Amino acid sequence: MSIVQNIAEIKKKIDINKVKLVAVTKNHSATAMLEAIAAGVTSVGENRVQEMLLKHPEILAAGKQVEWHLIGHLQTNKVRQAVPLADLIHSVDSERLAVEINKAAGKLGKRQDVLLQVNVADEESKFGIEPGQALQLAKQLSQLEHVRLCGLMTIAPYAEDPETARPVFREFYQLFGELKSLQLANTDIRWLSMGMTNDYLVAVEEGANMVRIGTGIFGSRQY
Ligand SMILES: *Cc1c(COP(=O)(O)O)cnc(C)c1O
């Protein structure tokens, strides 16, 4: 199926007025990205800063506007390149990284929107903060003037059967509620970023309002 058809299929299954669709374009060309934009995609997700830097000028040159989401692990030495381009950084998982983002954003006179990446599958993924430490880190982030915490992101452990992820998503939704109820100053807790090609329907049923879909739009990636 084509990119346009794939997006149409997703729109049949989720209401993209309520759930923000982030089209994950990593390892796909700027041309593919433009096709997705033409089909109504308004947010794209890259997991490497380098790829974002390469594609950004191509999209601009085509006269298109799109929200850029950085969804992959961000190294502190890439922060200065990432902040000027990223509308939302999904992968903040340490105070150290947040402090670097704050510095870079301050220099640009920008407020950087971020999500906290939480590791719900500790043994499988290297990145993300432990669920038990997430609220503490959120409090630390709320002290940073040029960072605005906007919610949480997680990657569920991959399983053939997406139902396997349901309890994980359900628990994560509770953490999201706890974060909201803290009513931290300087934050705007709105986004719960969970769900990928294989499990986004379950994620949305469990309260996700932002899904990150790559393969389901662009087909499988070639590395
Ligand atoms: C690649 C990636 C996705 C998209 O994965 P698909 O299974 O291709 O939909 C979503 N989130 C993150 C963080 C990713 O790195």
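Just so we're clear, the structure is a prediction, and the values are computed from it rather than from any experiment. When a ligand or atom number is given, it counts from 1 through the structure's own listing order.
- Residue F218 is grouped with residue V66 when hydrophobic side chains (ILVMFWY) are merged at heavy-atom distances under 4.5 angstrom, including chains of intermediate members.
- Taking every non-hydrogen atom of G214 and a distance limit under 4.0 Å, the qualifying atoms of ligand 1 come out as 4 (C), 6 (P), 8 (O), 9 (O).
- A continuous path of hydrophobic side-chain contacts links L149 to L192 [ILVMFWY only; heavy atoms under 4.5 Å].
- At a 4.0 Å heavy-atom cut-off, ligand 1 does not touch H90 at all.
- Taking all heavy atoms of E46, M196, K26, R48 into account, the minimum distance to atom 2 (C) of ligand 1 is reached by K26.
- Proximity to N47 (heavy-atom distance under 4.0 Å) selects the following atoms of ligand 1: 15 (O).
- Atoms of ligand 1 lying under 4.0 Å from at least one heavy atom of I155, given by number and element, are 13 (C).
- Checking only distances, R212 does come within under 3.5 Å of ligand 1, N or O to N or O.
- With ligand atoms numbered from 1 in the order given, ligand 1 contributes 9 (O) to contacts under 4.0 Å with heavy atoms of I213.
- Of the residues K11, K13, K12, the one that meets the side-chain hydrogen bond (donor to acceptor under 3.5 Å, both in side chains) test with E9 is K12.
- Ion pairing between a basic and an acidic side chain is recognised when a charged N comes within 4.0 Å of a carboxylate O; E58 and K55 show no such pairing.
- L97 contributes atom CG, which lies 12.5 Å from atom NZ of K78 (distance to the nearest 0.5 angstrom).
- With ligand atoms numbered from 1 in the order given, ligand 1 contributes 6 (P), 7 (O), 8 (O), 9 (O) to contacts under 4.0 Å with heavy atoms of T215.
- Atom CG of residue L115 and atom NE2 of residue H90 lie 5.0 Å apart, to the nearest 0.5 angstrom.
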